[in-house]
Participant: 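This structure is in C-alpha coordinates; I'll ask about it shortly.
Note: hydrogens, waters and symmetry copies are ignored here, and every other heavy atom, side chains too, is used. We name chains A, B, ... by the order of the sequence lines, and we start the count at 1 in each one.
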There are 2 protein chains.
Amino acid sequence: MGELRRTSLDRQVELTDAALHIIATKGIAALSTRSLAAQVGLSSGAIFRHFASLEALLDAVVARVEAVLASTYPPSTLPPVERLERFVEARSTAVGKQLGILRLVLSEQFLLALPQRGSARLAACVQQTRAFVLACVREGQDAGALRSDLPAETLVPIVMGTVQVLALSPSKPRQRDAEARAVLGSLLALLRSPAVAPTSSRKSSP
Amino acid sequence: MGELRRTSLDRQVELTDAALHIIATKGIAALSTRSLAAQVGLSSGAIFRHFASLEALLDAVVARVEAVLASTYPPSTLPPVERLERFVEARSTAVGKQLGILRLVLSEQFLLALPQRGSARLAACVQQTRAFVLACVREGQDAGALRSDLPAETLVPIVMGTVQVLALSPSKPRQRDAEARAVLGSLLALLRSPAVAPTSSRKSSP
DNA sequence: TGCAAGCAAGTAAGTGCTTACTCTCCGGCG
DNA sequence: CGCCGGAGAGTAAGCACTTACTTGCTTGCA
(Lines give C-alpha, C1' and ligand atoms only; values in the text may rest on other atoms or scores of the structure.)
Protein backbone atom coordinates (compact mmCIF):
# COMPACT_ATOMS: atom_id res chain seq x y z
CA MET A 1 0.00 0.00 0.00
CA GLY A 2 1.18 3.50 -0.62
CA GLU A 3 1.68 4.29 3.03
CA LEU A 4 2.51 7.90 2.40
CA ARG A 5 2.59 10.01 5.46
CA ARG A 6 0.62 13.16 5.13
CA THR A 7 0.22 16.34 7.00
CA SER A 8 -2.59 16.66 9.43
CA LEU A 9 -4.34 19.19 7.22
CA ASP A 10 -4.34 16.85 4.25
CA ARG A 11 -5.69 14.09 6.41
CA GLN A 12 -8.39 16.34 7.81
CA VAL A 13 -9.64 17.04 4.31
CA GLU A 14 -9.37 13.40 3.37
CA LEU A 15 -11.25 12.33 6.46
CA THR A 16 -14.12 14.76 6.05
CA ASP A 17 -14.42 13.74 2.40
CA ALA A 18 -14.48 10.09 3.37
CA ALA A 19 -17.01 10.74 6.12
CA LEU A 20 -19.24 12.56 3.68
CA HIS A 21 -18.97 9.68 1.26
CA ILE A 22 -19.92 7.12 3.87
CA ILE A 23 -22.84 9.23 5.04
CA ALA A 24 -24.04 9.72 1.49
CA THR A 25 -23.83 6.10 0.45
CA LYS A 26 -24.50 4.12 3.60
CA GLY A 27 -26.19 6.53 5.96
CA ILE A 28 -24.96 8.26 9.03
CA ALA A 29 -25.51 5.16 11.13
CA ALA A 30 -22.73 3.48 9.15
CA LEU A 31 -20.21 6.15 10.07
CA SER A 32 -17.93 4.89 12.82
CA THR A 33 -14.29 5.38 13.63
CA ARG A 34 -13.53 1.94 12.27
CA SER A 35 -15.47 2.27 9.03
CA LEU A 36 -13.94 5.68 8.47
CA ALA A 37 -10.46 4.39 9.18
CA ALA A 38 -10.98 1.54 6.74
CA GLN A 39 -12.18 3.97 4.08
CA VAL A 40 -9.01 6.04 4.19
CA GLY A 41 -6.69 3.13 4.94
CA LEU A 42 -5.72 4.09 8.46
CA SER A 43 -6.13 2.57 11.85
CA SER A 44 -9.02 3.88 13.86
CA GLY A 45 -6.73 5.41 16.43
CA ALA A 46 -5.01 7.58 13.85
CA ILE A 47 -8.24 9.50 13.30
CA PHE A 48 -7.78 11.10 16.67
CA ARG A 49 -4.43 12.51 15.64
CA HIS A 50 -6.33 14.77 13.28
CA PHE A 51 -9.60 15.37 15.08
CA ALA A 52 -10.19 15.70 18.76
CA SER A 53 -13.35 13.62 18.52
CA LEU A 54 -15.89 12.28 16.06
CA GLU A 55 -18.03 15.24 16.99
CA ALA A 56 -15.28 17.59 15.87
CA LEU A 57 -15.11 15.69 12.60
CA LEU A 58 -18.85 16.09 12.11
CA ASP A 59 -18.41 19.80 12.73
CA ALA A 60 -15.95 19.85 9.86
CA VAL A 61 -18.45 18.01 7.68
CA VAL A 62 -21.08 20.59 8.51
CA ALA A 63 -18.68 23.37 7.64
CA ARG A 64 -17.99 21.78 4.28
CA VAL A 65 -21.69 21.48 3.57
CA GLU A 66 -22.24 25.09 4.57
CA ALA A 67 -19.58 26.13 2.10
CA VAL A 68 -21.09 24.14 -0.74
CA LEU A 69 -24.54 25.55 -0.06
CA ALA A 70 -23.22 29.08 0.15
CA SER A 71 -21.55 28.69 -3.22
CA THR A 72 -24.87 28.13 -4.94
CA TYR A 73 -26.17 31.64 -4.35
CA PRO A 74 -25.87 33.58 -7.58
CA PRO A 75 -24.68 37.20 -7.58
CA SER A 76 -27.34 39.46 -6.14
CA THR A 77 -26.88 41.86 -9.03
CA LEU A 78 -28.87 39.61 -11.34
CA PRO A 79 -32.51 40.40 -11.94
CA PRO A 80 -34.69 38.44 -9.53
CA VAL A 81 -36.15 35.88 -11.88
CA GLU A 82 -32.82 34.98 -13.38
CA ARG A 83 -31.32 34.89 -9.93
CA LEU A 84 -33.98 32.42 -8.89
CA GLU A 85 -33.44 30.37 -12.01
CA ARG A 86 -29.70 30.15 -11.52
CA PHE A 87 -30.18 29.29 -7.90
CA VAL A 88 -32.60 26.45 -8.49
CA GLU A 89 -30.38 25.02 -11.17
CA ALA A 90 -27.27 25.27 -9.02
CA ARG A 91 -28.87 23.67 -6.02
CA SER A 92 -30.63 20.90 -7.83
CA THR A 93 -27.96 19.83 -10.30
CA ALA A 94 -24.51 21.18 -9.57
CA VAL A 95 -24.67 20.42 -5.88
CA GLY A 96 -26.29 17.07 -6.44
CA LYS A 97 -23.61 16.19 -8.93
CA GLN A 98 -20.59 17.62 -7.14
CA LEU A 99 -21.36 15.85 -3.92
CA GLY A 100 -24.26 13.66 -3.05
CA ILE A 101 -24.76 15.65 0.08
CA LEU A 102 -27.91 17.59 -0.10
CA ARG A 103 -30.19 14.64 0.08
CA LEU A 104 -28.80 13.86 3.47
CA VAL A 105 -28.32 17.31 4.77
CA LEU A 106 -31.93 18.16 4.30
CA SER A 107 -33.13 15.09 6.04
CA GLU A 108 -34.34 15.32 9.57
CA GLN A 109 -32.60 12.12 10.41
CA PHE A 110 -29.28 13.68 9.68
CA LEU A 111 -30.06 16.63 11.88
CA LEU A 112 -31.14 14.38 14.70
CA ALA A 113 -27.94 12.39 14.54
CA LEU A 114 -25.78 15.48 14.67
CA PRO A 115 -24.45 17.30 17.69
CA GLN A 116 -26.77 20.13 18.58
CA ARG A 117 -24.80 23.07 17.32
CA GLY A 118 -24.21 21.25 14.04
CA SER A 119 -27.89 20.82 13.42
CA ALA A 120 -28.50 24.42 14.41
CA ARG A 121 -26.02 25.55 11.78
CA LEU A 122 -27.69 23.50 9.10
CA ALA A 123 -31.10 24.74 10.13
CA ALA A 124 -29.74 28.24 9.70
CA CYS A 125 -28.70 27.34 6.15
CA VAL A 126 -32.23 26.26 5.35
CA GLN A 127 -33.58 29.45 6.87
CA GLN A 128 -31.18 31.49 4.78
CA THR A 129 -32.30 29.67 1.67
CA ARG A 130 -35.90 30.39 2.47
CA ALA A 131 -35.12 34.06 2.91
CA PHE A 132 -33.26 34.13 -0.38
CA VAL A 133 -36.12 32.56 -2.30
CA LEU A 134 -38.63 34.84 -0.63
CA ALA A 135 -36.62 37.91 -1.59
CA CYS A 136 -36.35 36.76 -5.19
CA VAL A 137 -40.06 36.14 -5.42
CA ARG A 138 -40.97 39.46 -3.82
CA GLU A 139 -38.65 41.41 -6.08
CA GLY A 140 -39.89 39.51 -9.08
CA GLN A 141 -43.44 40.33 -8.18
CA ASP A 142 -42.71 43.99 -7.60
CA ALA A 143 -40.93 44.16 -10.93
CA GLY A 144 -43.95 42.63 -12.62
CA ALA A 145 -41.98 39.62 -13.82
CA LEU A 146 -43.78 37.18 -11.54
CA ARG A 147 -47.48 36.90 -11.00
CA SER A 148 -48.46 38.90 -7.98
CA ASP A 149 -51.95 37.63 -7.35
CA LEU A 150 -50.59 34.99 -4.98
CA PRO A 151 -48.80 35.79 -1.72
CA ALA A 152 -45.06 35.33 -1.98
CA GLU A 153 -44.88 33.36 1.26
CA THR A 154 -47.03 30.63 -0.22
CA LEU A 155 -44.86 30.38 -3.32
CA VAL A 156 -41.68 29.83 -1.37
CA PRO A 157 -42.52 26.30 -0.21
CA ILE A 158 -43.38 25.37 -3.77
CA VAL A 159 -39.98 26.51 -5.01
CA MET A 160 -38.13 24.94 -2.10
CA GLY A 161 -39.98 21.68 -2.51
CA THR A 162 -39.18 21.52 -6.17
CA VAL A 163 -35.50 22.05 -5.43
CA GLN A 164 -35.59 19.30 -2.85
CA VAL A 165 -37.23 16.81 -5.13
CA LEU A 166 -34.78 17.57 -7.90
CA ALA A 167 -31.81 17.29 -5.58
CA LEU A 168 -33.13 14.06 -4.12
CA SER A 169 -33.81 12.56 -7.51
CA PRO A 170 -31.99 9.24 -7.63
CA SER A 171 -31.53 9.19 -11.40
CA LYS A 172 -28.12 9.37 -13.01
CA PRO A 173 -26.47 12.79 -13.40
CA ARG A 174 -26.94 13.02 -17.18
CA GLN A 175 -30.62 12.29 -17.05
CA ARG A 176 -31.15 14.29 -13.89
CA ASP A 177 -29.75 17.43 -15.44
CA ALA A 178 -32.14 17.20 -18.36
CA GLU A 179 -35.09 16.51 -16.11
CA ALA A 180 -34.12 19.29 -13.75
CA ARG A 181 -33.95 21.81 -16.56
CA ALA A 182 -37.37 20.81 -17.85
CA VAL A 183 -38.94 21.04 -14.40
CA LEU A 184 -37.23 24.33 -13.72
CA GLY A 185 -38.64 25.66 -16.98
CA SER A 186 -42.14 24.66 -15.98
CA LEU A 187 -41.74 26.11 -12.50
CA LEU A 188 -40.72 29.47 -13.86
CA ALA A 189 -43.49 29.34 -16.45
CA LEU A 190 -45.98 28.80 -13.63
CA LEU A 191 -44.62 31.69 -11.61
CA ARG A 192 -44.30 34.20 -14.42
CA SER A 193 -46.89 36.81 -15.07
CA PRO A 194 -49.20 35.54 -17.78
CA ALA A 195 -48.87 37.39 -21.08
CA VAL A 196 -52.49 38.37 -20.69
CA ALA A 197 -53.26 39.59 -17.22
CA PRO A 198 -55.44 37.26 -15.15
CA THR A 199 -58.67 38.43 -13.55
CA SER A 200 -56.95 40.23 -10.69
CA SER A 201 -53.52 41.78 -10.29
CA ARG A 202 -51.98 43.71 -7.44
CA LYS A 203 -50.07 46.29 -9.33
CA SER A 204 -48.40 46.53 -12.71
CA SER A 205 -44.97 47.83 -13.52
CA PRO A 206 -43.60 48.42 -17.01
CA MET B 1 -33.81 -20.45 14.83
CA GLY B 2 -37.51 -20.89 14.51
CA GLU B 3 -39.72 -18.41 12.81
CA LEU B 4 -41.92 -16.01 14.71
CA ARG B 5 -42.96 -17.51 17.96
CA ARG B 6 -46.55 -17.27 18.89
CA THR B 7 -46.79 -13.74 20.16
CA SER B 8 -49.26 -11.31 21.53
CA LEU B 9 -50.82 -9.27 18.77
CA ASP B 10 -51.51 -6.44 21.17
CA ARG B 11 -47.85 -6.18 22.05
CA GLN B 12 -46.84 -6.18 18.42
CA VAL B 13 -49.08 -3.22 17.75
CA GLU B 14 -47.88 -1.47 20.88
CA LEU B 15 -44.26 -2.03 19.94
CA THR B 16 -44.57 -0.79 16.36
CA ASP B 17 -46.40 2.28 17.61
CA ALA B 18 -43.70 2.98 20.15
CA ALA B 19 -40.97 2.42 17.57
CA LEU B 20 -42.68 4.84 15.23
CA HIS B 21 -42.92 7.38 17.99
CA ILE B 22 -39.24 7.12 18.83
CA ILE B 23 -38.23 7.34 15.18
CA ALA B 24 -40.45 10.35 14.65
CA THR B 25 -39.28 12.28 17.68
CA LYS B 26 -35.67 11.26 18.18
CA GLY B 27 -34.55 9.80 14.88
CA ILE B 28 -33.92 6.27 13.85
CA ALA B 29 -30.50 6.30 15.48
CA ALA B 30 -32.27 6.57 18.82
CA LEU B 31 -34.25 3.40 18.26
CA SER B 32 -32.68 0.58 20.23
CA THR B 33 -33.99 -2.39 22.12
CA ARG B 34 -33.43 -0.54 25.36
CA SER B 35 -35.13 2.68 24.35
CA LEU B 36 -38.01 0.75 22.88
CA ALA B 37 -38.36 -1.40 25.96
CA ALA B 38 -38.33 1.67 28.18
CA GLN B 39 -40.98 3.30 26.03
CA VAL B 40 -43.45 0.45 26.44
CA GLY B 41 -42.38 -0.50 29.95
CA LEU B 42 -40.88 -3.88 29.24
CA SER B 43 -37.47 -5.37 29.60
CA SER B 44 -35.41 -5.35 26.44
CA GLY B 45 -35.43 -9.11 26.31
CA ALA B 46 -39.23 -9.26 26.25
CA ILE B 47 -39.25 -7.56 22.86
CA PHE B 48 -37.96 -10.74 21.32
CA ARG B 49 -40.94 -12.66 22.55
CA HIS B 50 -42.99 -10.69 20.04
CA PHE B 51 -40.61 -10.05 17.20
CA ALA B 52 -37.92 -12.36 15.96
CA SER B 53 -35.55 -9.44 15.50
CA LEU B 54 -35.40 -5.69 15.30
CA GLU B 55 -35.45 -6.11 11.56
CA ALA B 56 -38.77 -7.88 11.77
CA LEU B 57 -40.07 -5.02 13.88
CA LEU B 58 -38.93 -2.53 11.27
CA ASP B 59 -40.80 -4.55 8.68
CA ALA B 60 -43.92 -4.08 10.74
CA VAL B 61 -43.23 -0.35 10.92
CA VAL B 62 -42.93 -0.21 7.15
CA ALA B 63 -46.20 -2.07 6.79
CA ARG B 64 -47.91 0.43 9.06
CA VAL B 65 -46.52 3.33 7.07
CA GLU B 66 -47.66 1.74 3.84
CA ALA B 67 -51.15 1.51 5.25
CA VAL B 68 -51.21 5.14 6.35
CA LEU B 69 -49.96 6.32 2.98
CA ALA B 70 -52.50 4.19 1.16
CA SER B 71 -55.28 5.73 3.21
CA THR B 72 -54.54 9.19 1.88
CA TYR B 73 -55.61 8.44 -1.66
CA PRO B 74 -59.01 10.01 -2.20
CA PRO B 75 -61.73 8.12 -4.08
CA SER B 76 -60.91 7.96 -7.78
CA THR B 77 -64.44 9.01 -8.62
CA LEU B 78 -63.67 12.62 -7.76
CA PRO B 79 -62.84 15.02 -10.58
CA PRO B 80 -59.04 15.19 -11.06
CA VAL B 81 -58.38 18.62 -9.62
CA GLU B 82 -60.38 18.00 -6.49
CA ARG B 83 -58.78 14.59 -6.19
CA LEU B 84 -55.38 16.23 -6.31
CA GLU B 85 -56.42 18.84 -3.80
CA ARG B 86 -57.73 16.32 -1.33
CA PHE B 87 -54.63 14.24 -1.76
CA VAL B 88 -52.19 17.05 -1.13
CA GLU B 89 -54.11 18.16 1.91
CA ALA B 90 -54.29 14.64 3.29
CA ARG B 91 -50.63 13.97 2.80
CA SER B 92 -49.38 17.27 4.09
CA THR B 93 -51.65 17.85 7.05
CA ALA B 94 -53.79 14.92 8.12
CA VAL B 95 -50.98 12.42 7.93
CA GLY B 96 -48.53 14.80 9.47
CA LYS B 97 -50.90 15.35 12.33
CA GLN B 98 -52.06 11.79 12.86
CA LEU B 99 -48.53 10.50 13.06
CA GLY B 100 -45.38 12.45 12.61
CA ILE B 101 -44.11 9.82 10.29
CA LEU B 102 -43.86 11.14 6.84
CA ARG B 103 -41.02 13.46 7.51
CA LEU B 104 -38.87 10.56 8.46
CA VAL B 105 -40.14 8.00 6.12
CA LEU B 106 -39.25 10.09 3.14
CA SER B 107 -35.74 10.64 4.34
CA GLU B 108 -32.91 8.76 2.73
CA GLN B 109 -31.38 8.08 6.09
CA PHE B 110 -34.41 6.11 7.07
CA LEU B 111 -34.20 4.07 3.91
CA LEU B 112 -30.52 3.39 4.43
CA ALA B 113 -31.09 2.19 7.95
CA LEU B 114 -33.76 -0.19 6.78
CA PRO B 115 -33.40 -3.74 5.60
CA GLN B 116 -33.34 -3.86 1.83
CA ARG B 117 -36.82 -5.15 1.19
CA GLY B 118 -38.20 -2.50 3.54
CA SER B 119 -36.65 0.32 1.59
CA ALA B 120 -37.81 -1.26 -1.64
CA ARG B 121 -41.36 -1.28 -0.34
CA LEU B 122 -41.21 2.38 0.59
CA ALA B 123 -39.68 3.23 -2.75
CA ALA B 124 -42.66 1.52 -4.32
CA CYS B 125 -44.97 3.77 -2.29
CA VAL B 126 -43.23 6.84 -3.63
CA GLN B 127 -43.48 5.48 -7.13
CA GLN B 128 -47.19 4.88 -6.66
CA THR B 129 -47.65 8.41 -5.41
CA ARG B 130 -45.88 9.76 -8.44
CA ALA B 131 -48.14 7.77 -10.71
CA PHE B 132 -51.20 9.03 -8.88
CA VAL B 133 -50.18 12.65 -9.18
CA LEU B 134 -49.29 12.21 -12.83
CA ALA B 135 -52.68 10.71 -13.55
CA CYS B 136 -54.46 13.56 -11.78
CA VAL B 137 -52.50 16.16 -13.70
CA ARG B 138 -53.02 14.45 -17.04
CA GLU B 139 -56.74 14.08 -16.51
CA GLY B 140 -56.97 17.64 -15.29
CA GLN B 141 -55.22 18.85 -18.39
CA ASP B 142 -57.38 16.80 -20.70
CA ALA B 143 -60.47 18.11 -18.98
CA GLY B 144 -59.24 21.65 -19.47
CA ALA B 145 -59.14 22.32 -15.75
CA LEU B 146 -55.35 22.52 -15.59
CA ARG B 147 -53.12 24.45 -17.91
CA SER B 148 -51.88 22.17 -20.63
CA ASP B 149 -49.08 24.22 -22.10
CA LEU B 150 -46.60 22.52 -19.79
CA PRO B 151 -45.81 18.79 -19.89
CA ALA B 152 -47.45 16.90 -17.06
CA GLU B 153 -44.23 15.06 -16.18
CA THR B 154 -42.57 18.33 -15.28
CA LEU B 155 -45.43 19.37 -13.04
CA VAL B 156 -45.34 16.20 -10.99
CA PRO B 157 -42.06 17.00 -9.20
CA ILE B 158 -43.42 20.41 -8.33
CA VAL B 159 -46.49 18.92 -6.69
CA MET B 160 -44.51 16.20 -4.96
CA GLY B 161 -41.96 18.66 -3.70
CA THR B 162 -44.61 20.91 -2.28
CA VAL B 163 -46.18 18.00 -0.44
CA GLN B 164 -42.81 17.03 0.96
CA VAL B 165 -42.01 20.49 2.20
CA LEU B 166 -45.40 20.81 3.83
CA ALA B 167 -45.10 17.40 5.45
CA LEU B 168 -41.60 18.18 6.65
CA SER B 169 -42.58 21.53 8.07
CA PRO B 170 -41.55 21.61 11.70
CA SER B 171 -44.16 24.11 12.80
CA LYS B 172 -46.92 23.21 15.22
CA PRO B 173 -49.99 21.43 13.86
CA ARG B 174 -52.36 24.39 14.18
CA GLN B 175 -50.12 26.75 12.31
CA ARG B 176 -49.00 24.11 9.84
CA ASP B 177 -52.55 23.38 8.78
CA ALA B 178 -53.21 26.99 7.99
CA GLU B 179 -49.95 27.35 6.11
CA ALA B 180 -50.53 24.13 4.22
CA ARG B 181 -53.96 25.26 3.08
CA ALA B 182 -52.61 28.57 1.85
CA VAL B 183 -49.78 26.93 -0.05
CA LEU B 184 -52.12 24.34 -1.49
CA GLY B 185 -54.37 27.15 -2.69
CA SER B 186 -51.48 28.83 -4.45
CA LEU B 187 -50.28 25.59 -5.97
CA LEU B 188 -53.66 24.88 -7.49
CA ALA B 189 -53.97 28.46 -8.66
CA LEU B 190 -50.66 28.07 -10.45
CA LEU B 191 -51.71 24.86 -12.10
CA ARG B 192 -55.20 25.90 -13.16
CA SER B 193 -55.96 27.09 -16.61
CA PRO B 194 -55.86 30.88 -16.65
CA ALA B 195 -59.23 32.50 -17.19
CA VAL B 196 -57.83 33.97 -20.35
CA ALA B 197 -55.96 31.40 -22.40
CA PRO B 198 -52.21 31.92 -22.58
CA THR B 199 -50.33 32.26 -25.87
CA SER B 200 -50.20 28.55 -26.65
CA SER B 201 -52.33 25.60 -25.68
CA ARG B 202 -51.97 21.94 -26.50
CA LYS B 203 -55.52 21.00 -27.09
CA SER B 204 -58.86 22.06 -25.82
CA SER B 205 -61.60 19.82 -24.57
CA PRO B 206 -65.15 20.98 -23.95
C1' DT C 1 -52.04 -26.88 35.78
C1' DG C 2 -49.87 -25.56 31.38
C1' DC C 3 -47.73 -22.32 29.18
C1' DA C 4 -47.43 -17.74 27.11
C1' DA C 5 -45.45 -13.65 28.78
C1' DG C 6 -42.28 -11.63 31.65
C1' DC C 7 -37.60 -10.61 33.98
C1' DA C 8 -32.51 -10.53 35.19
C1' DA C 9 -28.46 -11.65 33.67
C1' DG C 10 -25.64 -13.07 30.19
C1' DT C 11 -23.44 -13.31 25.27
C1' DA C 12 -20.43 -11.65 21.30
C1' DA C 13 -19.77 -7.96 18.59
C1' DG C 14 -19.34 -3.13 17.89
C1' DT C 15 -18.90 1.86 19.73
C1' DG C 16 -15.75 6.10 20.71
C1' DC C 17 -11.59 6.91 22.47
C1' DT C 18 -6.83 6.17 24.97
C1' DT C 19 -2.54 4.14 25.70
C1' DA C 20 2.09 2.58 24.71
C1' DC C 21 4.82 2.08 21.34
C1' DT C 22 7.20 2.34 16.28
C1' DC C 23 8.61 4.44 12.20
C1' DT C 24 9.94 8.20 9.20
C1' DC C 25 11.10 12.39 8.12
C1' DC C 26 13.78 16.70 8.75
C1' DG C 27 16.71 20.37 10.77
C1' DG C 28 20.84 21.59 13.55
C1' DC C 29 25.45 20.64 14.56
C1' DG C 30 30.22 18.54 14.84
C1' DC D 1 28.96 15.73 4.67
C1' DG D 2 27.06 12.49 8.26
C1' DC D 3 24.46 11.47 11.95
C1' DC D 4 21.54 12.32 15.85
C1' DG D 5 17.43 13.75 18.19
C1' DG D 6 12.91 15.49 18.34
C1' DA D 7 8.30 15.99 16.24
C1' DG D 8 4.56 13.87 14.78
C1' DA D 9 1.97 10.39 11.80
C1' DG D 10 1.20 5.84 12.26
C1' DT D 11 -0.01 1.14 14.72
C1' DA D 12 -2.03 -2.66 17.84
C1' DA D 13 -4.27 -3.45 21.77
C1' DG D 14 -7.43 -2.48 25.07
C1' DC D 15 -10.75 0.43 28.05
C1' DA D 16 -15.53 1.20 29.39
C1' DC D 17 -19.59 1.22 27.31
C1' DT D 18 -23.72 -0.03 24.11
C1' DT D 19 -25.62 -2.92 20.67
C1' DA D 20 -28.90 -6.87 19.31
C1' DC D 21 -30.01 -10.95 20.89
C1' DT D 22 -30.15 -15.44 24.20
C1' DT D 23 -30.70 -18.03 28.19
C1' DG D 24 -32.57 -19.84 32.43
C1' DC D 25 -35.98 -19.11 35.64
C1' DT D 26 -40.50 -17.22 37.42
C1' DT D 27 -44.84 -15.67 37.32
C1' DG D 28 -50.09 -14.81 36.27
C1' DC D 29 -53.88 -16.17 34.03
C1' DA D 30 -57.37 -19.35 31.18
Participant: With sequence neighbours excluded, what pairs up with A/E14 under the salt bridge (Lys or Arg N to Asp or Glu O under 4.0 Å) test?
Facilitator: A/R6, A/R11
Participant: Tell me the interatomic distance from B/I47, atom CD1, to D/dT23, atom C1', rounded to whole angstroms.
Facilitator: 16 Å
Participant: To the nearest 0.5 angstrom, please state how far the CD1 atom of B/I23 sits from the OG1 atom of B/T16.
Facilitator: 10.0 Å
Participant: Name all pairs fulfilling the salt bridge (charged side-chain N to carboxylate O under 4.0 Å, His left out) condition that reach into residues 179-192 of chain A, sequence neighbours left out, sorted by first residue then second.
Facilitator: A/E89-A/R181
Participant: Using atom CZ of B/F51 as one end and atom C1' of C/dA5 as the other, report the distance to the nearest whole Å.
Facilitator: 15 Å
Participant: Residues two or more places apart in sequence or in another chain: which of them pass ring pair (Phe, Tyr, Trp, His ring centres under 6.0 Å) with B/Y73?
Facilitator: B/F87, B/F132
Participant: Could you tell me which non-hydrogen atom of A/S35 sits nearest to which non-hydrogen atom of A/S32, and how far apart they are?
Facilitator: OG-N, 2.9 Å
Participant: Are a donor atom and an acceptor atom from the side chains of B/T154 and A/S186 found within less than 3.5 Å of each other?
Facilitator: yes
Participant: Taking only residues two or more places apart in sequence, or in another chain, which ones meet A/R121 in a salt bridge (Lys or Arg N to Asp or Glu O under 4.0 Å)?
Facilitator: A/E66
Participant: Check the interface with nucleotides 10-14 of chain C: list each N/O to N/O pair with the protein under 3.5 Å, or write none.
Facilitator:
none

Participant: Tell me, please, which residues at least two apart from A/F51 pass ring pair (Phe, Tyr, Trp, His ring centres under 6.0 Å).
Facilitator: none
Participant: Would you kindly give the CG-to-P distance between A/L15 and C/dG16, to the nearest whole Å?
Facilitator: 13 Å
Participant: For the side chain of B/F48, starting at C-beta, report the closest nucleotide among D/dG10, C/dC17, D/dA20.
Facilitator: D/dA20
Participant: Going 5' to 3' along nucleotides 24-30 of chain D, which nucleotides have protein heavy atoms under 4.0 Å from the base (write B), which only from the sugar-phosphate (write S), and which from neither (write -)?
Facilitator: B------
Participant: Could I get the full list of salt bridge (Lys or Arg N to Asp or Glu O under 4.0 Å) partners for B/E85, not counting sequence neighbours?
Facilitator: none
Participant: Is any side-chain N or O of A/T33 closer than 4.0 Å to OP1 or OP2 of C/dG16?
Facilitator: yes
Participant: For the pair made of CG in B/D10 and C1' in C/dG6, what is the distance, rounded to whole Å?
Facilitator: 15 Å
Participant: Whole angstrom is fine here: how far is it from CG in A/L54 over to C1' in C/dT18?
Facilitator: 14 Å
Participant: In whole angstrom, what separates A/R11's CZ from D/dT11's C1'?
Facilitator: 13 Å
Participant: When we call it a touch if two heavy atoms are under 4.0 Å apart, what does A/L31 touch: a base, just sugar-phosphate, or nothing?
Facilitator: sugar-phosphate
Participant: Please list, chain by chain and in numerical order, all residues satisfying side-chain contact (heavy atoms from CB on, under 4.5 Å) with B/A180, sequence neighbours excluded.
Facilitator: B/S92, B/T93, B/L166
Participant: With sequence neighbours excluded, tell me which residues meet side-chain contact (heavy atoms from CB on, under 4.5 Å) with B/V13.
Facilitator: B/D17, B/R64
Participant: By nearest atom, which of the nucleotides D/dA20, C/dC17, D/dT11 is closest to the A/A46 side chain?
Facilitator: D/dT11
Participant: Taking DNA chain C as the partner, which of residues 35-43 of chain A come within under 4.0 angstrom of it by heavy atom?
Facilitator: none
Participant: For B/A37 and B/S43, work out which heavy atoms get closest and say how close.
Facilitator: CB-C, 3.6 Å
Participant: First locate atom CG of A/L42, then atom CG of A/L36, and finally report the distance between them rounded to the nearest 0.5 Å.
Facilitator: 8.5 Å
Participant: So for the helix from C/dT1-D/dA30 to C/dG30-D/dC1, with five pairs setting each end axis, what is the inter-axis angle to 10°?
Facilitator: 10°
Participant: Does a side chain donor of either A/R91 or A/T72 reach within less than 3.5 Å of an acceptor in the other side chain?
Facilitator: yes
Participant: Please state whether the phosphate of C/dG6, meaning OP1 or OP2, lies under 4.0 angstrom from any side-chain nitrogen or oxygen of B/H50.
Facilitator: yes
Participant: Please report, rounded to the nearest Å, how far the P atom of C/dG16 is from the CD atom of A/E55.
Facilitator: 12 Å
